[in-house]
Participant: 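Okay, here's the structure, questions in a sec.
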Amino acid sequence: MIYRLLCLILLILTVSCQTGPVPDATGVLWTRTAAEYTACGYQAYNAARVNLGAALADPSWTAALEQSGGYGDLPPAVIFDIDETVLDSSEFQGRRVLLGGAFSKSEWDRWGRLNRARSIAGAVDFIHFLQEQGVAVFFITNRSCQQRSGSASACPQEAETIENLRSLGIYGVTEDHLLLKHEVKEWGADKTSRRAAVARQYRVLMLFGDDLNDFIPGVRGGISPEERREKTGLYGDWWGCKWYVLPNPVYGSWRRALDKPVQQYLEADF
Ligand SMILES: [Mg+2]
């Protein structure tokens, strides 16, 4: 009894010391172990493979809200997010749960340097398929481009991400096809400026991500869950056709959109 009480006190102290949302153990367990999560990856990438022909054949087809002007003759491209879209960072998230949750930039960097992220199911084969079809592949990630002590590179995260992709069999990714947060001054956490940069030179056929920010501008902050769902519904026909979302129950802008206490969203009338 005393042991249980001590454990409860320790748990409360641990949780109250966190600076950000604590990863939910159930969500991390699901992404670490569930075959259903694996199936979601195959489902998204198989559906995209079926739709690619129609996207290539129709010069008016674009998946980027930022695409404008006469884009019909531009070469085709597909844009991917990195984490929880192509690379699986659930090992890092699991460690956060075990250690008490707070996000540590230095720990994230240390894990990233290990190049041990697995791939999301279906992603590697689909990227190979695009490369065989002559479709350009871009990655827009909120992995941050920041100098690090002990590194001569201004953006060591870029080379590390390319190396992790290469370790999974994704070759030919050059630095100009991997757009990190803050790599250019105007490239903030909202990905719209980076999508616009790609869309100026390519016709964007499809977008892949695990966060609404991978698809729609202005959804990272200052917006309620209801407003985010409304924006999602405005493009109801695009999901599974031009846009492919991978599940992420662990973290993301959906989580930041919640007001505290989050228990308010769980209230029920019965
Ligand atoms: Mg992601």
Side-chain angles (χ1 to χ4, degrees), residues 20-21 23-24 27-28 30-32 34 37-38 40-45 48 63-65 78-97 103-105 107-109 111-112 115-124 126-127 137-146 157-158 160-162 164-165 168 170 173 177-183 187-195 198 204 206-221 223 228 231-232 238-240 242-258:
D24 174 64
V28 180
W30 188 73
T31 54
R32 284 301 282 164
Y37 181 46
T38 306
C40 286
Y42 286 127
Q43 182 170 259
Y45 287 110
L65 296 174
V78 168
I79 299 175
F80 298 84
D81 168 52
I82 290 282
D83 291 297
E84 279 49 76
T85 300
V86 176
L87 298 182
D88 173 355
S89 76
S90 61
E91 180 188 44
F92 173 79
Q93 304 301 341
R95 190 170 150 84
R96 284 181 68 195
V97 172
F103 179 81
S104 160
K105 177 80 173 62
E107 277 296 289
W108 171 251
D109 264 1
W111 181 78
N115 288 329
R116 49 189 283 153
R118 304 182 300 197
S119 61
I120 297 295
V124 176
F126 182 66
I127 289 168
V137 174
F138 282 86
F139 300 92
I140 297 181
T141 173
N142 276 354
R143 291 184 171 202
S144 196
C145 191
Q146 286 178 314
Q157 298 83 3
E158 190 160 53
E160 288 161 9
T161 303
I162 288 173
N164 203 152
L165 293 171
L168 296 168
I170 299 173
V173 179
H177 280 226
L178 175 59
L179 286 60
L180 284 81
K181 181 174 68 174
H182 303 318
E183 189 175 351
W187 292 357
D190 189 307
K191 294 186 174 180
T192 192
S193 58
R194 283 175 280 171
R195 281 192 297 271
V198 175
V204 179
M206 295 172 173
L207 303 178
F208 291 82
D210 66 305
D211 191 300
L212 207 54
N213 181 39
D214 295 318
F215 308 92
I216 300 174
V219 294
R220 288 195 80 248
I223 183 169
R228 298 178 87 253
K231 280 181 181 275
T232 301
W238 287 31
W239 300 103
K242 297 178 176 180
W243 293 351
Y244 297 86
V245 66
L246 286 306
N248 186 348
V250 179
Y251 68 91
S253 50
W254 70 269
R255 189 68 174 80
R256 281 193 302 276
L258 305 184

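Whatever order the structure lists ligands and atoms in, that order sets their numbers, starting from 1. Computed from heavy atoms alone, side chains included, the values below leave out hydrogens, waters and symmetry copies.
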Participant: Answer with yes or no after comparing the ring centroid distance for F208 and F126 against a 6.0 Å cut-off, counting only values under it.
Facilitator: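 Yes, close enough.
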Participant: Which residues satisfy the salt bridge (charged side-chain N to carboxylate O under 4.0 Å, His left out) test with R143, sequence neighbours excluded?
Facilitator: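 Salt bridge (charged side-chain N to carboxylate O under 4.0 Å, His left out) check on R143 returns D83.
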Participant: Verify whether one side chain among S90 and D88 offers a donor that lies under 3.5 Å from an acceptor in the other.
Facilitator: yes
Participant: Restricting to side-chain hydrogen bond (donor to acceptor under 3.5 Å, both in side chains), what partner residues turn up for D214, sequence neighbours left out?
Facilitator: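 So D214 forms a side-chain hydrogen bond (donor to acceptor under 3.5 Å, both in side chains) with K191.
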Participant: Which protein N, O or S atoms sit under 2.8 Å from the Mg ion (ligand 1)?
Facilitator: D81 OD2, D83 O, D210 OD1
Participant: Of all residues at least two apart in sequence or in a different chain, which pass the disulfide (SG to SG under 2.5 Å) check with C40?
Facilitator: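 With neighbours one apart ignored, the set is empty.
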Participant: We want to know whether R194 and N142 form a side-chain donor-acceptor pair, criterion being a heavy-atom distance below 3.5 angstrom.
Facilitator: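 On atom types as modelled, these side chains qualify, holding a pair under 3.5 Å.
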